Amino acid sequence: MLSLFLLSLGSNALLAQEKNDSEGSNIPSLLVFDNSKEYALQNSSRLLENEFKFSPEITFSSVSLERDNLGLTHQKFQQYYDGLKVEFATCTLHEKEGRVSSMSNNIFDIRELDVTPAVSVVQAFNRAIGHVGAAKYLWEDTSEALLFNNYQKPTGELVVFPPVANVSETATLTYKFDIYALDPVYN
């Protein structure tokens with residue numbers, strides 16, 4: 001499912017893979033911990049704090065906990081910056097027999113981002129609608145909208161859009177809208 005993003009103006013770990021973000025940090029996409037690390041899922045915040053020296057504005061919130069048929073428990077976390085969701089930014093801790101053995105990441109070391117939007121959500125929505133340019137939107141047809149779980153006109157979500165290759169070199173404050181159009185068909 002595509003979402004339309006409107007950019008506002010305004011250690012003792014074995015490193016298996018590393019990604020470079022545009023803000024100058026090397027954040028490992030996979031960490032495998034040796035036996036000297038005694039992390040458990042219950043102290044995940046300590047693990048994140050010890051392994052990464054993020055600014056205090058960066059926090060993580062658990063979004064899922066699953067156990068697989070091999071006996072591994074996987075806890076997934078969403079990254080936030082100053083209370084705003086960082087789009088595409090998650091990390092997953094992998095635990096076996098009460099010890100976190102590895103961590104897979106797609107997280108970003110964001111610093112000094114002003115989280116005051118330069119445009120209002122209404123202005124951003126109007127720009128998004130202008131970009132789509134449809135004659136008819138799903139929220140305008142109640143019978144069709146009911147078929148899509150009573151789809152409503154999107155209100156937008158203010159998020160942090162992280163540095164992404166070939167898109168943006170720095171983190172940007174962004175409004176996110178999920179827009180469905182009927183004429184022409186668009187999502």
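Quick caveat: nothing in here was measured; it's all calculated off a predicted structure. Each residue takes its place number in the sequence, starting with 1.
- Residues meeting the side chain to side chain contact (heavy atoms under 4.5 Å, CB included) test with S62, sequence neighbours left out: Q75, F77.
- The aromatic rings of W139 and Y151 sit tilted relative to each other, their planes meeting at an angle between 30° and 60°.
- Within the structure, every pair that satisfies the salt bridge (Lys or Arg N to Asp or Glu O under 4.0 Å) test and touches residues 139-160, not counting sequence neighbours, is listed here: K136-D141.
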Residues S64, T92; criterion side-chain contact (heavy atoms from CB on, under 4.5 Å); working and verdict: CA-CA 9 Å; S64 67; T92 304; over 6 Å; no
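- With a 6.0 Å radius and a threshold of 12 heavy atoms from other residues, nucleotides or ligands, N150 has its CG atom above the threshold.
- You'll find the side chain of V167 reaches within 4.5 Å of the side chain of F161, heavy atoms only.
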Salt bridge (charged side-chain N to carboxylate O under 4.0 Å, His left out) between D178 and K176, worked out: CA-CA 7 Å; D178 195 10; K176 174 182 169 183; over 6 Å; no
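- Under the 4.5 Å side-chain criterion, counting only non-hydrogen atoms from C-beta, N50 is in contact with Y39.
- Between V160 and T172 there is no side-chain heavy-atom pair separated by less than 4.5 Å.
- Taking hydrophobic clusters as Ile, Leu, Val, Met, Phe, Trp and Tyr residues chained together by side-chain heavy-atom distances below 4.5 Å, V63 does not share a cluster with M103.
- Checked against Q79 for a side-chain contact (heavy atoms from CB on, under 4.5 Å), the options T59, I58, N105 give a single hit: I58.
- Aromatic ring centroids of F125 and F177 lie under 6.0 Å apart.
- Aromatic pair Y180/Y137: ring centres not closer than 6.0 Å.
- By the rule that hydrophobic residues join a cluster once side-chain heavy atoms approach within less than 4.5 Å of another member, Y80 and L173 end up as members of separate clusters.
- Judged as a side chain to side chain contact (heavy atoms under 4.5 Å, CB included), and not counting sequence neighbours, V185 has no contacts.
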